[in-house]
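What you see is a predicted model, and the numbers here were worked out from it, not measured in a lab.
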Amino acid sequence: MAADGDDGRPAARDDGRTGDRTTTGRQPRLGSRVLLTWLELTVVGITGGLLGATVGGPPGFVVYLMTTLLSVGIVFHNVNELIKGWLRATRVDRLPETTE
């Protein structure tokens, strides 16, 4: 494995690969992220629905709201991970800025 660079990321080797599993130019896996999101939303939705129906009344409504909030958080998290993957895949090393 390559040694870490000054910025904490694995240092690039001569062949362009880094010391970790993700390499520059490799596209993120959209299908697996979609499947993971679907599974997470299914688990949260079923659990929240069962718990909300069991509790009932105003506490059940609070459980419903929490389930909705958690579902939105899951979607935001997974979209964020996809964006980070695309940024890593299309990362271009910045040229040093010149001062005049």
Side-chain angles (χ1 to χ4, degrees):
M1 285 195 118
D4 285 345
D6 292 335
D7 57 355
R9 295 185 310 213
R13 294 185 266 198
D14 291 337
D15 58 2
R17 295 183 295 161
T18 57
D20 60 357
R21 288 178 30 184
T22 59
T23 58
T24 307
R26 184 174 175 186
Q27 295 181 354
R29 296 182 177 149
L30 177 63
S32 64
R33 181 57 64 180
V34 169
L35 181 64
L36 178 67
T37 303
W38 178 78
L39 287 172
E40 289 172 344
L41 290 173
T42 301
V43 168
V44 167
I46 289 174
T47 305
L50 289 174
L51 186 61
T54 303
V55 173
F61 182 66
V62 171
V63 170
Y64 166 74
L65 292 177
M66 294 297 288
T67 302
T68 304
L69 185 63
L70 188 56
S71 298
V72 170
I74 288 170
V75 171
F76 280 174
H77 170 73
N78 285 299
V79 167
N80 183 44
E81 291 299 315
L82 274 174
I83 290 171
K84 287 192 314 190
W86 279 108
L87 288 175
R88 266 182 289 195
T90 59
R91 181 177 60 95
V92 177
D93 292 332
R94 297 177 120 195
L95 297 174
E97 294 181 16
T98 58
T99 56
E100 294 182 32

Pairwise distance CG(Leu82) to NE2(His77) - rounded to 0.5 angstrom: 10.0 Å
Under the side chain to side chain contact (heavy atoms under 4.5 Å, CB included) test, residues paired with Ile83 that sit two or more places apart: Val79, Leu87
With sequence neighbours left out, the residues meeting side chain to side chain contact (heavy atoms under 4.5 Å, CB included) with Leu36 are Arg33, Glu40, Asn78
Supply the atom-to-atom distance Thr37 OG1 to Ile74 CD1, rounded to the nearest 0.5 angstrom. 8.5 Å
Option from Val62, Thr67, Thr68 for which side chain to side chain contact (heavy atoms under 4.5 Å, CB included) with Tyr64 holds: Thr68
Heavy-atom closest pair, residues Val44 and Ser71: CG1-OG, 4.0 Å
Going by the rule side chain to side chain contact (heavy atoms under 4.5 Å, CB included), which residues pair with Leu51 if we only count those two or more places apart in sequence or in a different chain? Val55, Val63
Look up atom CG in Leu39 and atom CG in Leu35, then write down how far apart they are to the nearest 0.5 Å. 4.5 Å
